[in-house]
There are 2 protein chains.
Amino acid sequence: MKDDTAKTHTMRAVIQLRDKIMRGELHGGMRLFEVSVADQLEISRTPVREAMSRLTEEGLLERVRSGGFVVRTFSLADVTDAIELRGVLEGTAARLAAERGVPAHDMERLKGIVAKLDDCFGELPEDVDFEGYAELNARFHHELARLSGSEMVCREVERITRLPFASPSAFLPDEANIAAFRRSLQMAQEQHHTIAAAIEAREGFRAESTAREHARAARRNLDYVMSQDRSLIERVPALGLLAG
Amino acid sequence: MKDDTAKTHTMRAVIQLRDKIMRGELHGGMRLFEVSVADQLEISRTPVREAMSRLTEEGLLERVRSGGFVVRTFSLADVTDAIELRGVLEGTAARLAAERGVPAHDMERLKGIVAKLDDCFGELPEDVDFEGYAELNARFHHELARLSGSEMVCREVERITRLPFASPSAFLPDEANIAAFRRSLQMAQEQHHTIAAAIEAREGFRAESTAREHARAARRNLDYVMSQDRSLIERVPALGLLAG
DNA sequence: TGCTCACACAATGTATACATTGCCGATGCC
DNA sequence: GGCATCGGCAATGTATACATTGTGTGAGCA
């Protein structure tokens, strides 16, 4: 199944290296030598090189001036700033959507996603369909980027989103069964409504500032994990590549 | 001298391909085949592949699903949106600098650049040192990104700036001896002052919105070129890669 | 006539041998 | 003792042969 994208040695190398970086097995700043990686993955240098180049595009590796690659280092500040940047970019997407207007059927699709997100909340506060929420949330954010009507903006949103800890779903999957997080989910869903309404009403400023603040929910969750309950770090996969 | 960065076949290929793309010799959407490019540049496929991979990181090429590369297509809308995005990102840099505060000596350096920019304007309106302005302008924008204090923000600003038509100096070099453009230079310099002052006064909103508007000066110049005097297109090198 | 299958060619994917470079350590000279 | 220079090794750079894949075209069949 997953071999759909892993037909070639290059893609397998991309996947394996990405995994190792994410789980912190290859820590930030570590130099990756073509030969040793090739030995370890039991393929030749050529696809390894190709894979490292792709991971550089993805932002997980960096080229060294004199040649070769190192694993990119991410500090806590980088995570915070990446989330802020996602907010800024999604805010821009929302503003442009509002200012330029969106076709009716696209608007309906967005509102449809928001409505389905409502259905993820049951009668009781602790009665939340996390899995469904996560998937619909991802779709909402994807759709929001598209609604900007700008391929350029869409591309940059998806680019920053590809950093695992900056993704809209980074802090969702599993640890949300804490009261504080449940409340933040409710609030986030309120913001989904607001963003959609602002776009429909052509209120650019409101759309932008709400989308920006919406991203900062992730930052609040990050702060909570780091300062209140560091045991959660391991349960947020994306935080495996944090320096330190 | 320029061979500093062109020691290897790979780097020479990067430079030559980039040039050809910029001057429109390789137009958007055109597929680049490893073998034919290798033949043309008289090197083997390996460095060609490496070069194309780097140009993909740079945003000038795109990978094709089934393998291979095409020259990225840039529409007029893409140029407009890239400029808007630069404004958004530089605005974020300015806001963060204001909100988080900057060290005194960094502030002085920024103000020093602004002062030197003042010196580029002579007594007479048409008495402007374009070359000096362009260089100092580039330094101002570079410094602004740094002042954000965020490596992440700095990196993304420099990334979007690498798109030739989105660079702060894209519309400066040469065609500025038109009255309308001279006025826009004066206004831009006013904005430089305002941005610096806002950062120093910790006025985040003002810093952000001014930096954003500042970028839109480039958009105005673009609109002028496209609607009033298309003969200038050829004199703005970055516009060579616009889709026909 | 239209569809499908198969074959061939063209293009990328991969391995590997060889070239080049740049760094580090050892040895010698000052 | 410190510095400079000269190996030598390790790592990347390059070329090329061969493998694999994907695509287009033609023929054959329904």
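These numbers come from a predicted model, not from an experiment.
As rounded to whole Å, 11 Å separates atom C1' of D:dG13 from atom CD1 of B:Ile43. When the C1' atom of D:dG13 is taken as reference, atom CZ of B:Arg45 falls 16 Å away, rounded to whole Å. Distance NZ (A:Lys7) to P (C:dG13): 14 Å, rounded to an integer number of Å. At whole-Å resolution of the value, CZ in A:Arg49 and P in C:dA15 are 15 Å apart. To the nearest angstrom, P of D:dG13 lies 13 Å from CZ of B:Arg12. Atoms CD (A:Glu50) and C1' (C:dT12) sit 10 Å apart, rounded to a whole Å.
For the 3.5 Å distance criterion, the side chains of B:Glu90 and B:His214 fail to qualify, holding no donor opposite an acceptor. For the 3.5 Å distance criterion, the side chains of A:Asp78 and A:Ser75 qualify, holding a donor opposite an acceptor.
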Please lay out, stage by stage, how A:Ile113 and A:Glu108 fare under the test side chain to side chain contact (heavy atoms under 4.5 Å, CB included).
CA-CA 9 Å; A:Ile113 296 172; A:Glu108 289 313 311; over 6 Å; no
Derivation and outcome, side chain to side chain contact (heavy atoms under 4.5 Å, CB included), residues B:Arg12 and B:Lys7:
CA-CA 7 Å; B:Arg12 276 190 287 275; B:Lys7 282 196 202 308; 5.7 Å; no
A:Glu131 vs A:Tyr133, test: side chain to side chain contact (heavy atoms under 4.5 Å, CB included). Steps then yes/no.
CA-CA 5 Å; A:Glu131 206 170 326; A:Tyr133 185 93; over 6 Å; no
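With respect to the salt-bridge test (charged N to carboxylate O, under 4.0 angstrom), the residues B:Glu50 and B:Arg54 qualify.
Between C:dT14 and A:Thr10, a contact under 4.0 Å exists linking OP1 or OP2 to a side-chain N or O. In this model, the phosphate group of D:dA19 is not approached by any side-chain N or O of A:His9 to a distance below 4.0 Å at OP1 or OP2.
The main-chain N or O of B:Ser167 is never found under 3.5 Å from a side-chain atom of B:Thr161 such that the two would form a donor-acceptor pair.
The stretch residues 25-39 of chain A does not touch DNA chain C, since none of its heavy atoms comes less than 4.0 Å from the strand. Only at 4.0 angstrom or more do the heavy atoms of residues 54-73 of chain A sit from any atom of DNA chain C, so none qualifies.
Residue B:Thr46 places a side-chain atom within donor-acceptor reach of the base of D:dT16, judged by atom type and a 3.5 Å distance cut-off alone.
With a 6.0 Å radius and a threshold of 12 heavy atoms from other residues, nucleotides or ligands, B:Glu151 has its CD atom at or below the threshold.
Under the 4.5 Å side-chain criterion, counting only non-hydrogen atoms from C-beta, B:Leu222 is in contact with B:Leu239.
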